[in-house]
Q: 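Attaching a single structure in structure tokens format; questions to follow.
Quick note: numbers below take in every heavy atom, side chains included, and nothing from hydrogens, waters or symmetry partners. A, B, ... follow the sequence lines: proteins, then strands. Residue 1 opens every chain.
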There are 2 protein chains.
Amino acid sequence: MLQHFEKYIKLSAPLKDELTKRVTLKTFKKGHLVHNADKVCTKSYFIQKGLMRLYSIKDGKEITAFFCAENEWVNSPNSFIQQQLDIYYIDTIEATECYCLNVGDLVYLFEHFPEMEQYARLSMGTNLAYYLERISSMHFTRATEKYQHFCKTYQDVHHRIPLGMVSSYLGITQETLSRIRAEK
Amino acid sequence: MLQHFEKYIKLSAPLKDELTKRVTLKTFKKGHLVHNADKVCTKSYFIQKGLMRLYSIKDGKEITAFFCAENEWVNSPNSFIQQQLDIYYIDTIEATECYCLNVGDLVYLFEHFPEMEQYARLSMGTNLAYYLERISSMHFTRATEKYQHFCKTYQDVHHRIPLGMVSSYLGITQETLSRIRAEK
DNA sequence: ATGATTTTTTGATCTAGGTCAAAAATCATT
DNA sequence: AATGATTTTTGACCTAGATCAAAAAATCAT
């Protein structure tokens with residue numbers, strides 16, 4: 001996790017200390033509901049090992065917004081940042097081990113370590129890039145293109161994700177996705 | 001523009017000064033290509049009056065990523081943040097008046113005013129929220145739903161945008177959009 | 001291991017929205 | 001105001017992918 005920070009800022013010893021002190025290691029088993037949309041999201045998770053997903057529910061159906069893999073932060077973005085309710089749930093696709101950080105602790109870090117603000121700005125920049133890429137990829141019209149793009153963006157993890165979740169991520173039906181996989 | 005900053009941070013007099021000093025007022029007429037994808041984006045525009053759009057070109061067709069209206073910053077996000085090439089173009093939908101800020105000046109501000117980092121973090125938070133909302137809205141399957149959602153999110157400006165741009169934003173054809181508008 | 005549950009595949013049919021084409025309306029320029 | 005260019009609308013037809021249904025395969029719990 002500290003390595004991830006160091007991609008963006010230089011970590012001073014005291015900041016490193018505070019970070020390690022304020023973070024707790026958690027383990028979830030497969031299929032665990034890590035965040036429920038009926039609560040405000042107060043925790044952010046840095047995935048050490050495993051796989052999670054952010055999804056919402058529409059007409060009783062799960063719609064996957066995106067998947068989160070190793071070395072990424074996961075939370076319900078609006079809920080966590082604005083400390084208000086939002087539509088997203090988070091669960092694990094596999095047994096997952098991650099570091100957990102509370103909003104409160106994060107706020108403390110922002111207040112005492114100005115370089116944390118910079119880290120936030122820079123890392124949000126890469127996130128923004130992902131989101132934009134996602135938006136642009138959703139303009140693909142053919143289901144095959146969508147699927148190919150998915151395989152490219154989730155290169156190392158796409159085979160670990162069940163078909164139903166992928167199809168809800170792509171906005172196509174399971175049947176169609178299954179047929180796409182069948183050919184070639 | 002200063003008001004916009006004050007939604008997120010308290011503006012000190014010297015920062016206010018530097019900001020107004022480093023920003024220049026520009027006027028573009030309708031249809032002006034403000035940013036070309038063949039260049040790295042070095043400027044960010046705060047729209048005072050008017051309407052712009054961010055779009056890319058695929059198979060010779062323009063695909064609108066989103067529209068930008070009064071009191072918003074526009075730039076080619078990745079290109080501007082990472083100072084590298086990206087696929088997006090920016091043009092004006094109407095005659096537009098805006099404040100222009102260079103990356104260089106922005107960097108200067110980040111270096112000399114720590115509260116600017118905070119502004120960036122917080123305002124990127126709201127942007128992230130918009131993006132996420134967009135991603136979620138792109139999961140609508142029926143064209144009618146998509147259009148209704150568009151009208152809601154661009155409540156005050158949606159009637160100022162030509163049909164072709166709206167359809168490319170929604171990922172449906174002009175013909176379909178025209179028919180949707182015709183009924184009721 | 002074994003039966004139960006869940007996930008994936010396969011098949012048959014249907015439909016929303018795409019494509020192509022041309023007319024009508026709106027806009028811009030002299 | 002007139003002309004040409006661009007945008008929007010309307011019509012006829014077609015296709016990719018949705019829906020419904022049921023079999024096959026994989027995964028899970030005891």
Side-chain angles (χ1 to χ4, degrees), chain A residues 28-33 50-51 53 55 57-64 67 89 91-96 137-151 154 157-184, chain B residues 28-33 50-51 53 55 57-64 67 89 91-96 137-151 154 157-184:
Chain A
F28 300 115
K29 51 182 153 177
K30 178 176 173 176
H32 180 77
L33 185 67
L51 201 47
R53 67 198 259 256
Y55 67 99
I57 296 181
K58 204 206 158 193
D59 307 330
K61 279 183 193 161
E62 297 179 353
I63 297 179
T64 303
F67 305 101
Y89 300 77
D91 70 3
T92 56
I93 296 177
E94 311 176 334
T96 299
S137 80
M138 287 180 93
H139 277 287
F140 287 129
T141 48
R142 333 214 112 293
T144 324
E145 286 180 289
K146 291 185 193 179
Y147 179 62
Q148 283 167 352
H149 184 269
F150 159 77
C151 290
Y154 289 102
V157 295
H158 74 92
H159 52 275
R160 297 199 245 152
I161 306 169
L163 180 119
M165 293 183 186
V166 176
S167 69
S168 87
Y169 170 84
L170 297 176
I172 61 179
T173 60
Q174 297 200 167
E175 292 91 329
T176 303
L177 181 54
S178 171
R179 280 183 251 262
I180 287 172
R181 279 185 172 169
E183 66 203 26
K184 108 167 162 90
Chain B
F28 300 115
K29 52 181 151 177
K30 178 177 172 176
H32 180 78
L33 186 68
L51 201 48
R53 67 199 259 255
Y55 68 98
I57 296 181
K58 203 206 159 193
D59 307 330
K61 279 182 193 160
E62 297 179 354
I63 296 180
T64 302
F67 305 101
Y89 300 76
D91 70 3
T92 56
I93 296 177
E94 312 176 333
T96 299
S137 79
M138 287 180 93
H139 278 288
F140 287 129
T141 48
R142 333 215 116 291
T144 324
E145 285 181 289
K146 291 185 192 178
Y147 179 63
Q148 284 166 351
H149 185 269
F150 159 77
C151 291
Y154 289 102
V157 296
H158 74 91
H159 52 276
R160 299 198 243 153
I161 305 170
L163 180 119
M165 294 181 186
V166 177
S167 69
S168 87
Y169 170 84
L170 297 176
I172 60 179
T173 60
Q174 298 200 166
E175 292 92 327
T176 302
L177 181 54
S178 172
R179 280 182 250 263
I180 286 172
R181 279 186 172 169
E183 65 204 28
K184 107 168 161 100

Q: Does the pair A:Arg179 and A:Glu175 meet the rule for a side-chain contact (heavy atoms from CB on, under 4.5 Å), with working shown?
A: CA-CA 6 Å; A:Arg179 280 183 251 262; A:Glu175 292 91 329; 3.6 Å; yes
Q: Can you find a pair of side-chain heavy atoms, one from B:Leu163 and one from B:Arg181, that are under 4.5 Å apart?
A: yes
Q: Using heavy atoms and a sub-4.0 Å distance, could you list which residues of residues 159-175 of chain B are near DNA chain C? By number, please.
A: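 Here the set is B:Gly171, B:Ile172, B:Thr173, B:Glu175.
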Q: Mind checking who D:dA29 pairs with, Watson-Crick or G-U wobble, both distances under 3.5 Å?
A: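 Pair assignment: D:dA29 / C:dT2.
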Q: Ring-plane angle category for A:Phe150 and A:Tyr154, please: parallel below 30°, perpendicular beyond 60°, tilted otherwise.
A: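 Tilted: the ring planes of A:Phe150 and A:Tyr154 meet at 30° to 60°.
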Q: Any non-hydrogen side-chain atom of B:Ser167 less than 4.5 Å from a side-chain atom of B:Ile172?
A: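 In contact.
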Q: Among A:Arg160, A:Lys30, A:Lys29, which residue satisfies the side chain to side chain donor-acceptor pair (under 3.5 Å) criterion with A:Glu94?
A: A:Arg160
Q: Can you tell me how far the CD atom of A:Glu62 sits from the CG atom of A:Asp91, to the nearest 0.5 Å?
A: 6.5 Å
Q: Find the distance B:Lys29:NZ to C:dA28:P and express it as a whole number of Å.
A: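 Atom-to-atom, B:Lys29 to C:dA28, this comes out as 13 Å.
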Q: Is there a Watson-Crick or G-U wobble partner for C:dT15 with both distances under 3.5 Å, and which nucleotide is it?
A: D:dA16
Q: Counting neighbours of NZ on B:Lys61 that are heavy atoms of other residues, nucleotides or ligands and sit closer than 6.0 Å, is the number greater than 12?
A: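 No - once you tally the heavy atoms of other residues, nucleotides and ligands closer than 6.0 Å, there are 12 at most.
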Q: Of all of residues 137-146 of chain B, which get a heavy atom below 4.0 angstrom from DNA chain D, listed by number?
A: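 None, since no heavy atom is under 4.0 Å.
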Q: Please tell me if the side chains of B:Phe67 and B:His158 come closer than 4.5 Å, counting only heavy atoms from C-beta onward.
A: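 In short, these two side chains do not touch, never coming nearer than 4.5 Å.
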Q: If you assign A:Ser178 and B:Leu177 each to the DNA chain C nucleotide with the nearest heavy atom, which residue ends up on the more 5' nucleotide?
A: A:Ser178
Q: Measuring from B:Ile63:CD1 to A:Met138:CE, what's the distance to the nearest 0.5 Å?
A: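 B:Ile63 CD1 to A:Met138 CE: 13.5 Å, rounded to 0.5 Å.
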Q: State, with a plain yes or no, whether a side-chain heavy atom of B:Lys58 is found less than 4.5 Å away from one of A:His139.
A: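 Heavy-atom side-chain distance check fails, nothing below 4.5 Å.
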Q: On DNA chain D, which is the earliest and which the latest nucleotide, 5' to 3', with an atom closer than 4.0 Å to a heavy atom of chain A?
A: D:dA16 to D:dC28
